[in-house]
Amino acid sequence: MQIRARRNLVGASRAELAELLAELDPHPFRAEQVYQWLSRRMAGDVDEMTNLPKALRQALAERAVVQDPEVIEVRRGNDGTAKFALSLADRVVIEAVAMPMEGHTTICLSSQTGCAVGCIFCVTGVLGAGRNLTGGEIFGQYRAILRREGLVGAPVNVVFMGMGEPLLNLPNVARAVELIAETVSPRRVTVSTSGIVPGIRKLAALERRPKLAVSLNATTQEQRERLMPIAAHWPLAELLDTLRSFPLERGRRITFEYVMLAGINDSDEDARRLPRLLRGIPAKVNLIPLNPDQRYLGELEAPDEQRISEFAGILAAAHVNVTVRWSKGREVAAACGQLRGQLTIRPPA
Ligand code: SAH
Ligand code: SF4
C-alpha cells in the first residue's frame, strides 16, 4: 500500500482548503467550515469538526492532520508570565511567551528560529541566524498556547517580539496575521521590526494591517550601527522617512522601542536628540531597560532607575509620549531579548 504524506491543515488559507475540500465534498461551504474550526475554535483534530459529515471527516483525516508545534516545556514566573518551548517538526525548538495583563493576555510570538540581524544586546541575535517559520508554524504556536492556557475565545493581544525579525519573513508572518485576525482585531496585533525598510513598505500595503513597532535603540546612525549591524543597510534617515509616510488611522501611533544601555545610549544628549528624530511621526516611545545576560551579552548593563527616569523626563518635557517598560518574566528568562530556543534542542529520539 502506498502511504501518502498527510498535509498539515494548520496555516492553510481559505483558497488552499477550498482546493483540498473540493476533491472530497461537493458543497463549497465545507472549506469555510473547516477554516472556522481551525482559526476560530482552534480545533486540535479533524474529529472535533462535528458539523462535518462523518464520512467527510474520515476522508479528510486520511489526507490531512491538524498539528501544532509541540509544547515541550513551560516555565512560569511569579508575575504569571509563562514561557513556552515549542518543538517544530524538524525538532528545532523556539520560544513564545504569554503575559497576563489587565483585562487581556499578551502573547509574544517568534517568527524565525534565530536572528541574522545580530543586535549586540539581544540573546537571539548573538546566537545568530536561524530559519524562517512557516505561516502554519507561527499560527500553530499561537494555537498551541491558546489551547494549553484555556484562552480560546479570551481577549488577547499579539506581539511579534519573540525570536527573529518578522519583516525578514513577511509572507509567512502576513499569513499568520490573516489567520489571527479571524478572532483578534489587527489593532491588537503588533509587528516589531529592527527597521527593514522594504518590509515596512510592504506591511503598509497589507489590507489587514497590524500595528507597527520599531526598535530604534539609538539616536545617531553611528551609534545605531554599532548596536544593530542592520542599520548600515537601512540608514536611520531612510527609516524615519519611510515611517513618516506609514499609513496610520486617526489617533494611532508608531511605537518606538528603545533598549536602554548604561553609558551607551542613555545620555541627556541622546534624550534631546530623540524628539528631533521623531518630528513628524505620530509616535510613542517605549524605554526598555536592558535585560542583562552575562553569558551572552557580556558587560552590557541597564542604566539605574534614576538615569532612566531622568531620560524619560527629558522626553516628556519635549512632549514625547513615553513609557518605561519594566520587563515581565525576567526570572524565567522570558523577557525581551532573552529568548534562545535553539539551545534547548532535544536529542533525536
Ligand atoms: N526582531 C524584532 C522583534 C523581536 S525583538 C525587533 O528587533 O524589533 C523585540 C524587542 O526586544 C526589540 O524591541 C528589541 O530591541 C528588544 N530587546 C532585544 N534584546 C533585549 C534585551 N536584552 N533587553 C531588553 N530588550 C531587548
Ligand atoms: Fe533580531 Fe530583534 Fe534580536 Fe535584533 S533585537 S537580533 S532584530 S530579534
Side-chain angles (χ1 to χ4, degrees), residues 83 94-97 99 106-133 138 141 158-170 173 176-177 189-197 199-200 203 210-218 223-234 239 243 254-262 264-266 283-303 308 323-331 333-342:
K83 179 166 84 163
I94 52 155
E95 295 182 334
V97 181
M99 291 163 281
T106 295
I107 310 230
C108 174
L109 299 176
S110 290
S111 55
Q112 300 181 309
T113 65
C115 189
V117 173
C119 304
I120 64 165
F121 50 81
C122 170
V123 174
T124 313
V126 169
L127 288 169
R131 68 165 174 85
N132 283 341
L133 298 191
I138 300 171
Q141 192 184 156
V158 178
V159 297
F160 283 86
M161 295 185 186
M163 294 163 63
E165 168 48 59
L167 296 189
L168 290 178
N169 184 18
L170 188 52
V173 168
V177 168
V189 178
T190 301
V191 169
S192 174
T193 179
S194 56
I196 312 292
V197 168
I200 294 172
L203 191 76
K211 290 202 309 184
L212 180 63
V214 177
S215 298
L216 192 64
N217 302 328
Q223 188 190 42
R224 198 160 188 267
E225 273 183 44
R226 196 147 66 89
L227 299 175
M228 312 175 73
I230 195 96
H233 254 80
W234 309 115
L239 171 62
L243 296 175
I254 295 175
T255 299
F256 288 86
E257 294 149 298
Y258 193 96
V259 178
M260 296 205 70
L261 299 152
I264 296 179
N265 65 1
D266 65 341
K284 57 182 174 188
V285 173
N286 240 324
L287 299 177
I288 314 173
L290 175 84
N291 293 307
D293 186 319
Q294 279 189 348
R295 190 144 64 119
Y296 297 103
L297 307 179
E299 302 298 302
L300 295 178
E301 278 181 346
I308 294 169
T323 50
V324 180
R325 187 158 93 197
W326 297 104
S327 289
K328 285 183 154 267
R330 265 167 109 131
E331 78 276 16
C336 297
Q338 295 185 314
L339 302 186
R340 55 180 181 102
Q342 58 268 60

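Values reported hereafter were calculated over all heavy atoms of this structure, with side chains retained and with hydrogens, waters and symmetry mates removed. One-based numbering, in listed order, for ligands and for the atoms of each.
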Nearest candidate to [atom], where distance is taken over non-hydrogen atoms, out of [options]:
{"atom": "atom 3 (C) of ligand 1", "options": "Cys115, Cys108, Ser192", "value": "Ser192"}
{"atom": "atom 23 (N) of ligand 1", "options": "Asn291, Asn217, Leu300", "value": "Asn291"}
{"atom": "atom 8 (O) of ligand 1", "options": "Ser111, Ala213, Cys122, Ser215", "value": "Ser215"}
{"atom": "atom 16 (C) of ligand 1", "options": "Ile196, Asp293, Val259, Thr190", "value": "Val259"}
{"atom": "atom 8 (S) of ligand 2", "options": "Ala116, Gly164, Gly125, Gly128", "value": "Gly164"}
{"atom": "atom 22 (N) of ligand 1", "options": "Tyr296, Phe121, Phe256, Phe160", "value": "Phe121"}

Rounded to the nearest 0.5 Å, the CH2 atom of Trp234 sits from the CG atom of Leu167 at a distance of 11.5 Å
Distance col, row Leu109:CG vs Ile94:CD1, nearest 0.5 angstrom, shows 8.5 Å
Hey, is [X] touching ligand 1 through its side chain, its backbone, both or neither, going by heavy atoms under 4.0 Å?
{"X": "Glu257", "result": "side chain"}
{"X": "Leu290", "result": "both"}
{"X": "Val123", "result": "neither"}

Applying side chain to side chain contact (heavy atoms under 4.5 Å, CB included) to Arg226 and not counting sequence neighbours gives Ile264
Contacts of Asp266 meeting side chain to side chain contact (heavy atoms under 4.5 Å, CB included) (sequence neighbours excluded), chain-then-number -> Met260, Ala262, Pro303, Arg307
Q. Is the distance from atom 1 (Fe) of ligand 2 to the nearest N/O/S atom of Cys119 under 2.8 Å?
A. no
- Task: Take every heavy atom of Gly164, measure it against each atom of ligand 1, and state whether any distance is under 4.0 Å.
- Result: yes
With a 4.0 Å cut-off on heavy atoms, does Asn286 reach ligand 1?
no
Apply side-chain contact (heavy atoms from CB on, under 4.5 Å) to residues Thr113 and Leu133 and explain how you reach the verdict. CA-CA 7 Å; Thr113 65; Leu133 298 191; 3.6 Å; yes
What atoms of ligand 1 come closer than 4.0 angstrom to any heavy atom of [X]?
{"X": "Leu297", "answer": "22 (N)"}
{"X": "Ile288", "answer": "24 (C), 25 (N)"}
{"X": "Glu165", "answer": "1 (N), 2 (C)"}
{"X": "Gly162", "answer": "4 (C)"}
{"X": "Thr193", "answer": "6 (C), 8 (O)"}

The atoms of ligand 2 lying under 4.0 Å from a heavy atom of Gly118, numbered in the order shown, are 6 (S)
Per-atom filter on ligand 2: closer than 4.0 angstrom to a heavy atom of Ser194 are 7 (S)
Point to revise | Thr255 and Thr190: CA distance, side-chain angles, deciding distance, side-chain contact (heavy atoms from CB on, under 4.5 Å) verdict | key: CA-CA 9 Å; Thr255 299; Thr190 301; 5.8 Å; no
For a side-chain contact (heavy atoms from CB on, under 4.5 Å) check, start with the C-alpha distance between Val197 and His233, then their side-chain angles and the critical distance, and finish with the verdict. CA-CA 9 Å; Val197 168; His233 254 80; over 6 Å; no
With a 3.5 Å cut-off and no angle check, do the side chains of Ser111 and Glu165 form a donor-acceptor pair? no
- prompt: Crowded around Glu301 CD? As in, over 12 foreign heavy atoms under 6.0 Å?
  reply: no
Which of Ser110, Ser192, Ser215 passes side-chain contact (heavy atoms from CB on, under 4.5 Å) with Met161? It is Ser192
On a heavy-atom basis, the closest approach of Ala232 and Glu225 is N-CG, 3.6 Å
Please lay out, stage by stage, how Leu127 and Met163 fare under the test side-chain contact (heavy atoms from CB on, under 4.5 Å).
-> CA-CA 11 Å; Leu127 288 169; Met163 294 163 63; over 6 Å; no
